[in-house]
Engineer: 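Before anything else, here's the structure in question.
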Amino acid sequence: MKTLVSRIENLIEQSKGTWGIVLEDLDLGEKWELNGDELFYAASVIKLPIMVAVFSAVEHGELALTDPIILKQDGFVGGSGVLQHLTPGTSLSIQDIIMLMIIQSDNTATNILIDLVGMDNIVQSMKEEGMEKSTIYHKLMMYNPNPKGFNQITANDIAKALKQMATGGLVSLDASDQMIDMMKKQQIKDCLPEKLPSPYSNFNNGMTAWELAHKTGWIPGTRHDVGIFFVGQRKLVVTVLSKDEDDLISKQIISDIGEEIYHYLR
């Protein structure tokens with residue numbers, strides 16, 4: 001992993017921003033971190049622990065993924081996602097709402113799920129995941145955010161959750177597999193996977209050349225991408241957080257990091 005780390009260090013040397021990065025090769029047991037405990041505004045990466053909290057409620061029998069959710073006009077918010085454009089009264093399952101929150105980063109879906117499981121339960125779930133410094137205070141795209149603070153994450157905290165997920169220990173083996181499957185369907189692919197070859201470029205016995213289960217996050221000056229790389233039989237957890245950097249530069253660097261990880265795992 002030393003060569004990979006060196007290449008990534010060279011990439012971020014050009015940046016004026018601050019970076020929080022954790023890489024963990026789950027096959028070799030090697031790990032590297034940079035500013036692992038630095039706090040970053042979570043942006044849409046907060047949707048990952050929200051998803052975990054919902055699956056935890058399902059695991060405890062409090063909800064079922066098939067339970068219907070009725071869309072309400074007063075629940076629609078702006079930003080990313082399609083739910084805000086659908087007809088009020090439309091019914092979708094909790095599973096579909098989670099899917100849209102993850103693969104389209106749907107803000108309306110996110111707020112629906114926060115209301116469904118409750119902010120306190122999400123905080124408790126994050127603590128159970130070992131997320132020691134990260135927290136959630138407010139829903140998304142609201143004009144009156146919680147005065148107590150902003151949603152924050154660290155690279156180490158997110159990496160812990162991703163490692164548990166990758167090894168089948170987050171909520172349960174079945175829940176971990178379902179969350180990974182959702183994240184593999186990610187539609188926002190302009191960061192870590194941006195420079196990777198088509199996953200079908202080496203289609204072999206129904207297996208793609210690589211898969212990436214991931215979740216992005218972005219607001220101006222802040223850009224993240226976090227996930228689990230699957231290349232052949234190899235798995236690597238990656239958390240890349242950035243702040244105080246030009247949006248085009250941060251996107252370029254994260255896509256370069258993704259390319260370096262891919263070549264490392266091949």
Side-chain angles (χ1 to χ4, degrees), residues 41-55 57-58 63 65-117 122 136 138-142 151 153 158 161-162 165 175-194 196 198-200 208 210-220 222-230 238-242 247 250-251 254-255 258:
Y41 179 68
S44 286
V45 173
I46 200 65
K47 295 166 185 176
L48 194 155
I50 293 170
M51 173 177 65
V52 176
V54 178
F55 270 94
V58 170
L63 301 169
L65 291 175
T66 54
D67 287 348
I69 297 291
I70 307 299
L71 300 185
K72 298 179 180 179
Q73 180 73 50
D74 60 6
F76 292 166
V77 294
S80 57
V82 299
L83 289 185
Q84 62 184 304
H85 306 301
L86 299 187
T87 305
T90 299
S91 177
L92 292 169
S93 69
I94 289 176
Q95 182 164 346
D96 289 339
I97 298 290
I98 301 171
M99 184 73 76
L100 290 172
M101 177 180 71
I102 295 300
I103 72 172
Q104 292 193 342
S105 207
D106 195 299
N107 291 326
T108 297
T110 304
N111 289 351
I112 288 171
L113 294 173
I114 291 173
D115 287 338
L116 185 67
V117 297
I122 297 170
I136 179 171
H138 57 82
K139 295 197 287 186
L140 304 189
M141 300 299 292
M142 306 298 286
N151 301 340
I153 54 173
I158 295 296
L162 290 171
M165 187 185 297
S176 293
D177 287 344
Q178 289 185 73
M179 289 186 282
I180 287 172
D181 185 61
M182 286 183 173
M183 292 169 67
K184 283 180 177 179
K185 294 179 171 66
Q186 180 60 250
Q187 302 294 295
I188 302 171
K189 303 177 180 180
D190 59 353
C191 286
L192 285 172
E194 170 72 16
L196 304 193
S198 166
Y200 304 103
T208 56
W210 60 269
E211 291 182 292
L212 177 59
H214 68 121
K215 182 72 194 76
T216 60
W218 172 81
I219 60 168
T222 296
R223 189 182 295 277
H224 315 315
D225 203 351
V226 307
I228 308 161
F229 269 87
F230 300 85
V238 54
T239 299
V240 182
L241 312 179
S242 69
D247 293 322
S250 61
K251 182 186 289 188
I254 296 175
S255 64

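All values reported here derive from a predicted model rather than from experimental measurement.
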Engineer: Is there a side-chain contact between Leu212 and Gln186 in this structure, where contact means two heavy atoms from C-beta onward sitting under 4.5 Å apart?
Structural biologist: no
Engineer: Side chain of Asp247, backbone of Pro220: donor and acceptor closer than 3.5 Å?
Structural biologist: no
Engineer: Any side-chain heavy-atom pair from Met141 and Gln84 closer than 4.5 angstrom?
Structural biologist: no
Engineer: Measuring only between side-chain heavy atoms, which start at C-beta, is Thr110 closer than 4.5 Å to Ser44?
Structural biologist: no
Engineer: Working to the nearest 0.5 Å, report the span between CE of Met99 and CE of Met182.
Structural biologist: 4.5 Å
Engineer: Can you see whether Ser250 engages Ser242 through a side-chain donor-acceptor pair at a distance of less than 3.5 angstrom?
Structural biologist: no
Engineer: Looking at side-chain heavy atoms only, is the closest gap between Leu71 and Pro88 below 4.5 Å?
Structural biologist: no
Engineer: Quick check: do Asp225 and Ile188 have side-chain heavy atoms less than 4.5 Å from each other?
Structural biologist: no
Engineer: Within a strict 4.5 Å, meaning less than it, do heavy atoms of the Asp190 and Trp218 side chains meet?
Structural biologist: no
Engineer: Is the shortest heavy-atom distance from the side chain of Ile153 to the side chain of Thr239 under 4.5 Å?
Structural biologist: no
Engineer: With a 3.5 Å distance limit and no angle check, can you tell me whether Thr90 reaches the backbone of Thr87 through a side-chain donor-acceptor pair?
Structural biologist: yes
Engineer: Apply side chain to side chain contact (heavy atoms under 4.5 Å, CB included) to residues Ile98 and Ile94 and explain how you reach the verdict.
Structural biologist: CA-CA 6 Å; Ile98 301 171; Ile94 289 176; 3.9 Å; yes
Engineer: Can you find a pair of side-chain heavy atoms, one from Leu48 and one from Met183, that are under 4.5 Å apart?
Structural biologist: yes
Engineer: NE2 of His138 to CG of Asn111: how many Å apart, nearest 0.5 Å?
Structural biologist: 10.5 Å
Engineer: Given side chain to side chain donor-acceptor pair (under 3.5 Å), test Lys47 with Asn151 step by step and report yes or no.
Structural biologist: CA-CA 11 Å; Lys47 295 166 185 176; Asn151 301 340; over 6 Å; no
Engineer: Please determine whether a side-chain nitrogen of the Lys or Arg among Asp181 and Lys185 lies less than 4.0 Å from a carboxylate oxygen of the Asp or Glu.
Structural biologist: yes
